[in-house]
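Per chain, numbering begins at 1; letters A, B, ... match sequence-line order.
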Number of protein chains: 2
Amino acid sequence: MARATSTRSESSRRRQRWPDGYDPENTRKSLITSALELFEQRGFDRTSVQEIAERATLTKGAFYHHFESKDDLLRHIQEEYLEAQLAAIQRIESGSDDPKVRVAELIRFSLTSVAEYRAHVTIFYQERRNLTADLFAEVTRKRGLVESAFAGMIQDGIARGVFRSDVDPRIATFGLVGMCAWAYQWLNLDGPLSVDEVARQFSAMVLEGLYA
Amino acid sequence: MARATSTRSESSRRRQRWPDGYDPENTRKSLITSALELFEQRGFDRTSVQEIAERATLTKGAFYHHFESKDDLLRHIQEEYLEAQLAAIQRIESGSDDPKVRVAELIRFSLTSVAEYRAHVTIFYQERRNLTADLFAEVTRKRGLVESAFAGMIQDGIARGVFRSDVDPRIATFGLVGMCAWAYQWLNLDGPLSVDEVARQFSAMVLEGLYA
DNA sequence: TGGTTCCTTCCGACCGGACGGTAGCATTAC
DNA sequence: GTAATGCTACCGTCCGGTCGGAAGGAACCA
């Protein structure tokens with residue numbers, strides 16, 4: 001019974017023109033931004049629709065004009081992030097096919113996306129439970145694609161003899177994904193180390209090991 | 001203003017004797033077990049006190065006899081897990097002082113505790129936000145001790161020349177902690193690989209690297 | 001042995017407030 | 001007129017927490 005995405009503004013194909021550069025789409029965006037900040041800080045359940053609207057200097061009425069429900073907004077945020085992830089994966093897969101370059105790129109990309117989409121990532125991992133069952137399944141499926149990309153690259157490296165064969169590609173993948181995903185808990189853009197530098201160190205650790 | 005732990009049953013020093021092996025402490029435990037299961041599945045906010053009580057075939061009244069509040073129960077669960085963590089850290093620190101053995105032990109221990117305390121771990125990471133500010137600070141402090149243990153061991157390894165010096169110990173720590181912590185999302189006790197085997201592979205990857 | 005009192009454990013009815021969502025209306029542009 | 005946008009007022013529900021009391025053992029006294 002997967003009903004199509006249909007908020008009132010999404011279904012409005014014939015758009016009205018507004019004067020003075022005003023665009024209702026900005027209203028929508030400001031609601032999303034407001035929600036991103038609040039969900040990240042307080043969590044989905046502890047944030048009321050009222051608060052989201054107020055932070056965007058609007059009212060609940062406006063919110064429900066742009067979104068079907070609170071869940072609908074969450075879904076939108078999750079999908080926004082997943083689309084960015086999948087797009088990046090494809091970019092990497094169309095680049096170098098050297099396993100070690102690919103793994104390093106994947107680490108770098110993962111950390112970069114954590115830095116760029118910090119709120120999205122936090123919400124993505126913490127609030128998946130709040131999605132409806134079928135939506136959760138869909139999100140998990142897409143998330144699986146990202147992990148498969150990791151696993152495929154490692155598997156490929158093993159097959160070509162670049163990586164050691166006594167490590168299960170799935171386990172290595174979980175380790176890599178975990179290392180990178182966890183960064184949303186600590187990665188500090190204002191810290192002394194750049195994202196690229198952190199990525200370099202992660203790559204060094206995983207590829208060459210900690211031994212001197 | 002750190003008020004001492006004081007639910008009614010904890011403060012009752014002179015215990016009543018009950019016939020037939022009945023012990024009200026079991027009631028308390030069954031409430032905790034019930035909450036662990038529900039919090040893990042649905043999250044703290046989506047679980048009502050009513051549901052917790054009902055799952056233990058009790059009522060809200062009984063719940064509020066054993067716990068001060070819903071938050072009090074969450075605090076109890078968090079502390080239960082942290083105590084176990086800190087105890088294990090001390091055990092490791094009193095063992096071998098070889099950096100590579102210690103790191104391997106720490107990985108093994110982290111994964112084991114994820115397997116053993118699965119619900120606790122899930123709740124710990126997902127529901128920290130729901131603690132009061134000062135309690136959150138306390139939990140974060142204790143959690144910091146665990147991470148310091150990791151960092152100290154790596155630092156020590158670098159100082160002794162066992163580990164490479166171009167990797168920041170803090171970054172390496174975050175990587176290691178992330179790898180292990182993330183396991184709560186996928187580690188499967190019924191899967192083909194034992195926890196020890198997963199730990200071995202993680203250690204191999206981090207210490208020796210993926211290269212063949 | 002029976003009576004009284006106290007304490008622990010648990011029940012069930014209830015309260016106040018917050019929250020998601022709805023309905024109707026005003027405004028503005030086409 | 002019609003459609004999009006946004007506001008105000010309102011509704012029903014659920015939830016954390018409280019309160020008074022019932023059941024029954026323990027402890028003391030006679």
Side-chain angles (χ1 to χ4, degrees), chain A residues 6-32 34-35 38-39 42-76 127 130-132, chain B residues 6-32 34-35 38-39 42-76 127 130-132:
Chain A
S6 75
T7 51
R8 283 197 249 173
S9 71
E10 273 175 324
S11 64
S12 68
R13 290 280 161 258
R14 257 186 290 134
R15 303 288 303 284
Q16 211 166 0
R17 304 287 307 279
W18 299 91
D20 197 26
Y22 170 82
D23 184 351
E25 188 61 19
N26 290 336
T27 306
R28 192 182 157 81
K29 280 183 188 145
S30 72
L31 283 169
I32 295 175
S34 165
L38 289 170
F39 288 169
R42 282 184 242 168
F44 182 79
D45 287 309
R46 307 282 254 228
T47 303
S48 70
V49 173
Q50 178 92 24
E51 288 170 314
I52 296 171
E54 271 173 15
R55 192 183 182 99
T57 51
L58 288 165
T59 61
K60 261 200 318 186
F63 178 95
Y64 280 98
H65 172 71
H66 287 282
F67 298 96
E68 263 185 355
S69 64
K70 197 182 171 191
D71 286 320
D72 182 39
L73 170 58
L74 180 59
R75 180 183 59 87
H76 180 86
E127 316 294 352
N130 293 320
L131 295 167
T132 56
Chain B
S6 75
T7 51
R8 283 196 248 172
S9 71
E10 274 175 322
S11 64
S12 68
R13 290 278 161 259
R14 256 188 290 133
R15 301 289 302 286
Q16 212 168 359
R17 305 287 307 280
W18 298 92
D20 199 25
Y22 171 81
D23 184 352
E25 187 62 17
N26 289 336
T27 306
R28 192 181 157 81
K29 280 184 188 144
S30 73
L31 282 168
I32 295 175
S34 165
L38 290 170
F39 287 170
R42 280 184 244 167
F44 182 79
D45 286 310
R46 307 283 253 230
T47 303
S48 71
V49 172
Q50 178 91 26
E51 289 170 315
I52 296 171
E54 270 172 14
R55 192 184 182 96
T57 49
L58 288 164
T59 62
K60 265 209 301 194
F63 179 95
Y64 279 97
H65 172 71
H66 287 282
F67 297 97
E68 263 184 353
S69 65
K70 197 183 171 190
D71 286 318
D72 182 40
L73 169 60
L74 180 58
R75 180 182 57 88
H76 180 86
E127 315 294 351
N130 293 320
L131 294 168
T132 57

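Between B:His66 and C:dC10 there is a side-chain N or O to OP1 or OP2 distance below 4.0 Å. Taking side-chain N and O atoms only, B:His65 has a distance below 4.0 Å to OP1 or OP2 of C:dT9. Using a 4.0 Å cut-off, some side-chain N or O of B:Thr27 falls inside it from OP1 or OP2 of C:dC10.
Closest heavy-atom contact between A:Arg46 and A:Glu51: O-OE1, 3.7 Å. The minimum heavy-atom distance linking B:Asp71 with B:Asn130 is given by the pair OD1-O, 3.5 Å. The two residues A:Ile52 and A:Leu31 come nearest to each other via the heavy atoms CG2-O, 3.7 Å.
Using modelled atom types, no side-chain atom of A:Ser34 and backbone atom of A:Ser30 make a donor-acceptor pair closer than 3.5 Å.
Atom CG in B:Asn26 sits roughly 18 Å away from atom P in C:dT8 (whole-Å rounding). At whole-Å resolution of the value, CZ in A:Phe67 and C1' in C:dT22 are 18 Å apart.
A search for salt bridge (Lys or Arg N to Asp or Glu O under 4.0 Å) contacts involving B:Glu54 returns nothing, not counting sequence neighbours.
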Q: Report the C-alpha separation of A:Arg28 and A:His76 in whole Å, then their side-chain angles, then the decisive distance to 0.1 Å, and conclude whether the side chain to side chain contact (heavy atoms under 4.5 Å, CB included) test is met.
A: CA-CA 11 Å; A:Arg28 192 182 157 81; A:His76 180 86; 3.7 Å; yes
Q. What does nucleotides 11-20 of chain C look like as a protein-contact string, B for base, S for sugar-phosphate only, - for none, at under 4.0 angstrom between heavy atoms?
A. BB------SB
